[in-house]
Amino acid sequence: IPFGKLPILEVDGVIIHQSLAMARYLAREAGVAGQTPVEQALADAIVDTIDDFMTLFPWAEKNQDVRKKAFDDILTNKAPELLKDLDTFLGDKQWLVGNSVTWADFYWDVCSTTLLSCKPDLADKFPRLLALRERVQALPAIAAWIQKRPKSVM
């Protein structure tokens, strides 16, 4: 296991590590990386922007008081700026990048699901971002997965 960490993805005997590298690879293979090199770069940039925000959270913090205080601070003071920027970037478009769904839309859906489990009213001021989540979750394969996936807190 490269660098001794999970997850990994094995493709034709080659081990790929780092979850976003795996996701980029799979997005290209599935045709949802973006239709042009510029769209691919924009989708990657959106994912990296969201991921930069998600890494602010002290996910592994064991002290629940410290964890709660940090989460509350991030959700109250930093999340609105990210949501405002994402909303502006989305504008009146149906998808974050280009004219079809990309892995950036999927990543927004996954991360927003986690964020909304922590603060349910977090995106109430951003109906376009909530509508984007609904579009992603209405895609037939995604909707089918949501129905059958294991239930969890996050």
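- Side-chain contact between Phe106 and Ile142 is present, with at least one heavy-atom pair separated by less than 4.5 Å.
- Put simply, CG on Asp85 and CG on Leu83 are 9.0 Å apart, with the number rounded to the nearest 0.5 Å.
- A side-chain donor-acceptor contact under 3.5 Å links Ser117 to the backbone of Thr114.
- Expressed to the nearest 0.5 Å, how far SG of Cys111 lies from CZ of Phe57 amounts to 9.5 Å.
- Note on Leu129 and Leu75: same hydrophobic cluster, where clusters join Ile, Leu, Val, Met, Phe, Trp and Tyr whose side-chain heavy atoms are under 4.5 Å apart, directly or indirectly.
- Counting non-hydrogen atoms of other residues, nucleotides and ligands closer than 6.0 Å to CG of Asp121 gives a total above 12.
- Scanning both residues, Ala104 and Leu96, for their nearest heavy atoms gives O-CD1, 3.8 Å.
- Nearest heavy atom pair, residue His17 against residue Pro2, reads ND1-CB, 3.8 Å.
- Heavy-atom contacts from other residues, nucleotides or ligands closer than 6.0 Å to CD of Glu81 number 12 or fewer.
- Taking both residues in full, the closest heavy atoms of Ser100 and Gln35 are given as OG-NE2, 3.8 Å, listed atom of the first, atom of the second, then distance.
- Side-chain atoms of Thr102 and Gln40, non-hydrogen and from C-beta on, never get closer than 4.5 Å to each other.
- Using modelled atom types, no side-chain atom of Arg135 and backbone atom of Trp95 make a donor-acceptor pair closer than 3.5 Å.
- When hydrophobic clusters are built by joining Ile, Leu, Val, Met, Phe, Trp and Tyr residues whose side-chain heavy atoms come closer than 4.5 Å, directly or via intermediates, Met54 is not grouped with Val110.
- Smallest separation of non-hydrogen atoms from Ser19 and Pro7: CB-CG, 4.1 Å.
- In the displayed structure, Lys93 atom NZ is contacted under 6.0 Å by more than 12 heavy atoms of other residues, nucleotides or ligands.
- The nearest pair of heavy atoms linking Leu82 to Thr49 is CD1-CG2, 3.9 Å.
- With hydrogens and angles disregarded, no donor-acceptor distance shorter than 3.5 Å links the side chain of Lys5 to the backbone of Ile1.
- Here the CZ-OG1 distance, from Phe126 to Thr88, works out to 8.0 Å after rounding to the nearest 0.5 Å.
- The two residues Arg128 and Asp92 come nearest to each other via the heavy atoms NH1-OD1, 3.1 Å.
- A 4.5 Å side-chain heavy-atom check between Arg133 and Leu116 finds at least one atom pair inside the cut-off.
- In this structure the side chain of Ser112 never reaches within 4.5 angstrom of the side chain of Leu132, judged on heavy atoms.
- Hydrophobic clustering places Ile46 together with Leu20 (ILVMFWY residues linked when any side-chain heavy atoms are closer than 4.5 Å, directly or through intermediates).
- For Gln18, the CD atom is loosely surrounded, since the number of other residues' heavy atoms within 6.0 Å does not exceed 12.
- Considering only heavy atoms from C-beta on, Asn77 stays 4.5 Å or farther from Asp72 through its side chain.
- The aromatic ring centroids of Trp59 and Phe71 lie less than 6.0 Å from each other.
- Using a 4.5 Å heavy-atom cutoff, the side chains of Phe53 and Leu56 are in contact.
- Interatomic distance, Leu115 CG to Ile50 CD1, rounded to the nearest 0.5 Å: 9.0 Å.
- Between the CD1 atom of Ile74 and the NZ atom of Lys119 there is a distance of 13.5 Å, given to the nearest 0.5 Å.
- Residue pairs meeting the salt bridge (Lys or Arg N to Asp or Glu O under 4.0 Å) criterion with at least one member in residues 98-107: none, sequence neighbours excluded.
- A donor-acceptor pair is defined here as one N or O able to donate and one able to accept, closer than 3.5 Å; such a pair exists between the side chain of Asn63 and the backbone of Val66.
- Expressed to the nearest 0.5 Å, how far CH2 of Trp145 lies from CD of Gln137 amounts to 13.5 Å.
- Around atom NZ of Lys151, more than 12 heavy atoms belonging to other residues, nucleotides or ligands sit under 6.0 Å away.
- Residues Trp108 and Leu90 fail the side-chain proximity criterion, which asks for heavy atoms closer than 4.5 Å.
- Taking a cutoff of 4.0 Å between a charged side-chain nitrogen and a carboxylate oxygen, Asp65 and Arg67 do not qualify as a salt bridge.
- Looking at heavy atoms from C-beta onward, Leu26 lies out of side-chain contact with Arg24 at the 4.5 angstrom threshold.
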